Colleague: 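Below you will find the structure I want to go over with you.
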Amino acid sequence: MELRTVLVVGTGLIGTSAALALRKRGVRVLIADRDQGAVRLARELGAGEEWDGHETVDLAVIAVPPAHVASELLELQQHGVARFYTDVASVKVEPIDRATQLGCDLATYVASHPLAGREKSGPGAARDDLFLGRPWALCPTEKAGADAKAAVLRLIELCGANPVEVNADDHDRAVAVVSHAPHVASSAVAARLADATDVALGLAGQGVRDVTRIAGSDPGLWIGILSGNATPVAEVLEAVAHDLAEAASALRALAEGDGTATGELTQLLKRGVAGHDRIPGKHGGPASAYAVVQVVIGDRPGQLARLFQVCDEVGVNVEDVRLEHAPGLPLGVAELSVQPGAAIPLTDALRERGWHVP
């Protein structure tokens with residue numbers, strides 16, 4: 001299935017990133033959005049041409065909030081805009097059910113969802129590599145035609161993602177666990193910081209930044225997502241709340257001198273480690289055990305380039321990198337994750353070249 005022309009309706013982060021990825025692969029992309037400012041910015045970024053409202057395409061990608069997917073699909077189908085249609089909303093049951101109620105043509109429609117994103121939103125945050133190596137769920141109904149499914153698979157391929165076929169209900173329960181509930185939990189932790197003292201904020205380290213990173217996302221966008229997947233998310237949050245309540249009770253008991261309460265806390269922490277270890281690692285395979293080389297790095301231009309140059313010189317592949325800044329000082333620590341056997345050679349090479357490796 002070849003896609004020569006694609007219409008992207010909705011020029012937010014996901015829609016614009018898909019448009020950029022398609023343009024990079026030589027696909028002609030038309031873009032549309034009710035927000036003309038967003039269209040102009042997406043066009044200036046190279047996402048495509050503004051749709052004139054009449055031209056027909058091979059595939060229409062509906063990148064609007066979940067509650068508006070079905071009505072947008074119906075309008076596009078009534079005007080015969082595309083041969084096939086998909087959406088990229090982060091919930092699937094609600095849009096499919098609503099599309100069925102409205103009488104949309106389900107033979108030409110395959111719901112989908114790229115599991116990629118950023119804490120930033122809007123076309124300005126879009127990247128043409130946002131989907132590279134990421135899973136992209138597709139949820140065809142029984143009425144979906146083979147050609148429609150092939151068109152969406154081609155879209156996923158062009159964007160560099162990995163297709164995962166799953167039914168809509170399983171999809172929504174899955175993202176409640178791995179995406180939606182974690183976002184609410186992150187927001188709950190971040191909310192505690194709103195009234196935190198300056199002393200507490202001055203002591204904030206990488207841990208709290210890691211836990212609260214996604215809490216910086218657009219609340220309006222997330223209300224639409226959570227509303228469309230309310231029951232599965234509520235069930236996960238209730239389970240998390242139970243664990244937290246049990247932990248709080250154990251801590252109260254510890255404060256009162258009951259040393260046996262450490263058992264409950266230990267079990268929760270162990271379950272956390274077990275769950276963390278199940279998260280797929282690089283390239284979607286089992287998580288690998290890497291060695292971490294910490295390097296003190298100055299907050300000056302070119303420092304990272306110099307650091308990676310050393311890695312290149314000694315033939316060490318950096319599997320991952322994380323930067324932790326030192327509050328109030330013009331330096332920080334770069335944590336380089338490497339294969340265990342490469343840690344000592346890299347450490348020696350860095351020290352020989354004058355880098356401070358703790």
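Predicted model only: the values in this text are computed from it and were never measured. For reference, positions follow the sequence shown, starting with 1.
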Colleague: Any idea which heavy atoms bring Ala261 and Ala250 closest together, and the distance?
Modeller: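 Between these two residues, the closest heavy atoms are CB-O, 3.4 Å.
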Colleague: Please round to the nearest 0.5 Å and tell me the distance separating atom CG of Asp97 and atom CG of Asp169.
Modeller: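 If we round to the nearest 0.5 Å, Asp97:CG and Asp169:CG are 9.5 Å apart.
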Colleague: Before giving the answer on side-chain contact (heavy atoms from CB on, under 4.5 Å), spell out for Val91 and His171 the whole-Å C-alpha distance, their side-chain angles and the decisive distance to 0.1 Å.
Modeller: CA-CA 8 Å; Val91 296; His171 168 276; 5.5 Å; no
Colleague: Below 4.0 angstrom, N of the basic side chain to O of the carboxylate: do Lys149 and Glu165 qualify?
Modeller: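 Salt bridge present between Lys149 and Glu165.
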Colleague: What pair of heavy atoms forms the shortest contact from Ala144 to Val110, and how long is it?
Modeller: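 Nearest heavy atoms, Ala144 then Val110: CB-CG2, 3.9 Å.
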Colleague: Under the 3.5 angstrom rule, does the side chain of Thr197 hit a backbone N or O of Ala200 as a donor-acceptor pair?
Modeller: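 Checking the backbone N and O of Ala200 against the side chain of Thr197, a donor-acceptor pair under 3.5 Å is found.
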Colleague: Taking Lys92 for its side chain and Asn167 for its backbone only, find out whether a donor-acceptor pair lies under 3.5 Å.
Modeller: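 Not a single qualifying donor-acceptor pair exists.
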Colleague: Distance alone, cut at 3.5 Å: any donor-acceptor contact between the side chains of Thr86 and Ser112?
Modeller: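 Distance-only check passes for Thr86 and Ser112.
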Colleague: For residues Thr212 and Ser186, report the shortest heavy-atom separation together with the two atoms involved.
Modeller: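 Nearest pair, atom of Thr212 first, then Ser186: CA-OG, 3.3 Å.
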Colleague: Would the His183 and Trp222 ring centres measure less than 6.0 Å apart?
Modeller: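 Yes, the ring of His183 comes within the 6.0 Å limit of the ring of Trp222, centre to centre.
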Colleague: Within a radius of less than 6.0 Å around CD1 of Ile223, do more than 12 heavy atoms belonging to other residues, nucleotides or ligands occur?
Modeller: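 For Ile223, atom CD1 is not crowded (no more than 12 foreign heavy atoms under 6.0 Å).
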Colleague: What distance separates Ser90 OG from Leu115 CG, expressed to the nearest 0.5 Å?
Modeller: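 Answer rounded to 0.5 Å: 9.0 Å.
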Colleague: With clusters defined by side-chain heavy atoms of hydrophobic residues (ILVMFWY) lying less than 4.5 Å apart, directly or transitively, does Ile297 cluster with Val321?
Modeller: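 Cluster IDs for Val321 and Ile297 match.
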Colleague: Is there a donor-acceptor pair under 3.5 Å between the side chain of Asn162 and the backbone N or O of Pro135?
Modeller: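 No; judged by distance alone, with no hydrogens or angles, the pair does not exist.
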Colleague: Measure the shortest side-chain to side-chain distance between Phe131 and Ile156 over non-hydrogen atoms and say whether it is less than 4.5 angstrom.
Modeller: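 No. Closest side-chain heavy atoms not under 4.5 Å.
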Colleague: Does Ser17 reach the main-chain N or O of Arg127 with its side chain, forming a donor-acceptor pair under 3.5 Å?
Modeller: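 At least one qualifying donor-acceptor pair exists.
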Colleague: Examine distances only and state if a side-chain atom of Asp35 and a backbone atom of Ala38 form a donor-acceptor pair shorter than 3.5 Å.
Modeller: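 It does hold such a pair.
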Colleague: Rounded to the nearest 0.5 Å, what separates atom OG1 in Thr347 from atom CZ in Arg351?
Modeller: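 Answer rounded to 0.5 Å: 6.0 Å.
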Colleague: Set out, in order, the CA-CA distance, both residues' side-chain angles and the distance that settles side-chain contact (heavy atoms from CB on, under 4.5 Å) for Glu55 and Leu30, then state yes or no.
Modeller: CA-CA 9 Å; Glu55 187 173 349; Leu30 306 176; 3.8 Å; yes
Colleague: Does the side chain of Trp136 come within less than 4.5 Å of Pro163's, by heavy atoms?
Modeller: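 Of all side-chain heavy-atom pairs linking Trp136 with Pro163, none is under 4.5 Å.
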Colleague: Give the minimum heavy-atom separation between Pro123 and Leu41, together with the two atoms involved.
Modeller: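 Where Pro123 meets Leu41 most closely, the heavy atoms are CG-CD2, 3.7 Å.
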Colleague: Check step by step if side-chain contact (heavy atoms from CB on, under 4.5 Å) holds for Asp172 and Asn229.
Modeller: CA-CA 7 Å; Asp172 286 3; Asn229 202 23; 3.2 Å; yes
Colleague: Would you say Arg252 has more than 12 foreign heavy atoms packed within less than 6.0 Å of its CZ?
Modeller: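 No, CZ of Arg252 has 12 or fewer neighbouring heavy atoms, counting only those of other groups under 6.0 Å.
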Colleague: Is it true that Tyr109 and Val93 fall in one hydrophobic cluster, defined by side-chain heavy atoms closer than 4.5 Å?
Modeller: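 Each belongs to a different hydrophobic cluster.
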Colleague: Side chain of Arg25, backbone of Leu20: donor and acceptor closer than 3.5 Å?
Modeller: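 Such a contact is absent between Arg25 side chain and Leu20 backbone.
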Colleague: Would you mind reporting whether Thr5 and Leu59 have side-chain heavy atoms less than 4.5 Å apart?
Modeller: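 Result no, sub-4.5 Å side-chain heavy-atom pair not found.
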Colleague: Would Arg353 and Glu313 count as a salt bridge (charged side-chain N to carboxylate O under 4.0 Å, His left out) if you check the C-alpha gap in whole Å, the side-chain angles of each, and the deciding distance to 0.1 Å?
Modeller: CA-CA 11 Å; Arg353 290 162 174 78; Glu313 290 171 1; 3.0 Å; yes
Colleague: Evaluate the side-chain proximity of Val338 to Asn317: yes if any heavy-atom separation is below 4.5 Å, no if none is.
Modeller: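 Side chain of Asn317 against side chain of Val338, heavy atoms only: no contact under 4.5 Å found.
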Colleague: Calculate, to the nearest 0.5 Å, the distance between atoms CD and CG belonging to Glu256 and Asp258 respectively.
Modeller: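 Those atoms lie 8.5 Å apart.
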Colleague: Any donor-acceptor pair under 3.5 Å linking the side chain of Asp87 with the backbone of Val69?
Modeller: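 Absent.
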Colleague: Closer than 4.0 angstrom, basic N to acidic O: yes or no for Asp58 and Arg83?
Modeller: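 Between Arg83 and Asp58 there is a salt bridge, with a charged N closer than 4.0 Å to a carboxylate O.
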Colleague: Tell me, with the steps shown, if Asp129 and Leu132 meet side-chain contact (heavy atoms from CB on, under 4.5 Å).
Modeller: CA-CA 5 Å; Asp129 63 350; Leu132 286 180; 3.4 Å; yes
Colleague: Mind checking the NE2-CD1 spacing from His180 to Ile225? Nearest 0.5 Å is all I need.
Modeller: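 Rounded to the nearest 0.5 Å, the NE2-CD1 separation comes to 5.5 Å.
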Colleague: To check you understand the geometry: which heavy-atom pair defines the closest contact between Val314 and Ala349, and what is its length?
Modeller: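 That closest heavy-atom pairing would be CG1-CB, 3.4 Å.
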Colleague: Under a 4.0 Å threshold between the charged nitrogen and the carboxylate oxygen, would Glu49 count as salt-bridged to Arg28?
Modeller: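 Salt bridge flag = yes for Glu49 with Arg28.
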Colleague: Can you tell me how far apart CZ (Arg306) and SG (Cys311) are? Round to the nearest 0.5 Å.
Modeller: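 Arg306 atom CZ to Cys311 atom SG measures 12.0 Å (nearest 0.5 Å).
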Colleague: Would a distance-only check, ignoring hydrogens and angles, find a side-chain to backbone donor-acceptor pair under 3.5 Å from Thr16 to Leu13?
Modeller: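 Side chain of Thr16 to backbone of Leu13: no pair is present.
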Colleague: Under 4.5 Å between any side-chain heavy atoms of Thr56 and Val81, yes or no?
Modeller: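 Contact flag for Thr56/Val81 side chains = no.
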Colleague: Is the shortest side-chain N to carboxylate O distance from Arg271 to Asp243 below 4.0 Å?
Modeller: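 Yes, Arg271 and Asp243 are salt-bridged.
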Colleague: Locate the shortest heavy-atom distance separating Ala168 from Ile96; write the atom from each residue and the value.
Modeller: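 Smallest heavy-atom distance, with atoms named: CB-CD1, 3.8 Å.
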Colleague: Tell me whether Leu304 shares a hydrophobic cluster with Val293, the cluster being built from Ile, Leu, Val, Met, Phe, Trp, Tyr side chains joined at under 4.5 Å.
Modeller: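 Hydrophobic grouping puts Leu304 with Val293.
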Colleague: Do Leu45 and Val29 sit in the same hydrophobic cluster, where Ile, Leu, Val, Met, Phe, Trp and Tyr count as joined when their side-chain heavy atoms come under 4.5 Å apart?
Modeller: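 Hydrophobic grouping puts Leu45 apart from Val29.
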Colleague: For Arg34, look at atom CZ and say whether over 12 heavy atoms of other residues, nucleotides or ligands are found less than 6.0 Å away.
Modeller: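 Open.
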Colleague: Would you find a donor on one side and an acceptor on the other, under 3.5 Å apart, between the side chain of Thr266 and the backbone of Thr262?
Modeller: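 Here the side-chain-to-backbone pair exists.
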Colleague: Hey, is CG on Asp52 packed in by over 12 heavy atoms from elsewhere, all under 6.0 Å?
Modeller: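 More than 12 within 6.0 Å, yes.
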Colleague: Scan side-chain atoms only and decide if Asp320 and Ser337 contain a donor-acceptor pair under the 3.5 Å cut-off.
Modeller: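 Ser337 and Asp320 do not have a side-chain donor-acceptor pair below 3.5 Å.
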Colleague: Does Ile344, at its CD1 atom, have more than 12 non-hydrogen atoms belonging to other residues, nucleotides or ligands within less than 6.0 Å?
Modeller: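 No - once you tally the heavy atoms of other residues, nucleotides and ligands closer than 6.0 Å, there are 12 at most.
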Colleague: Got a donor-acceptor contact below 3.5 angstrom from the Ser227 side chain to the Gly224 backbone?
Modeller: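 A pair under 3.5 Å: no.
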Colleague: Check the hydrophobic clustering (I, L, V, M, F, W, Y; side-chain heavy atoms under 4.5 Å; chains of links allowed) and say if Val240 and Leu226 are grouped together.
Modeller: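 No; Leu226 is not reachable from Val240 via cluster members.
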Colleague: Check whether any side-chain heavy atom of Val61 sits under 4.5 Å from a side-chain heavy atom of Val88, and report yes or no.
Modeller: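 Yes, close enough: below the 4.5 Å cut-off.
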Colleague: Could you tell me if the side chain of Arg43 sits less than 4.5 Å from the side chain of Ile31, heavy atoms only?
Modeller: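 Result yes, sub-4.5 Å side-chain heavy-atom pair found.
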Colleague: Indicate whether the side chain of Asp105 and that of Tyr85 have a donor and an acceptor atom separated by less than 3.5 Å.
Modeller: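 Looking only at side-chain atoms, Tyr85 and Asp105 do not form any donor-acceptor pair under 3.5 Å.
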Colleague: Could you tell me if the side chain of Val27 sits less than 4.5 Å from the side chain of Arg4, heavy atoms only?
Modeller: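 Answer no - side chains too far apart.
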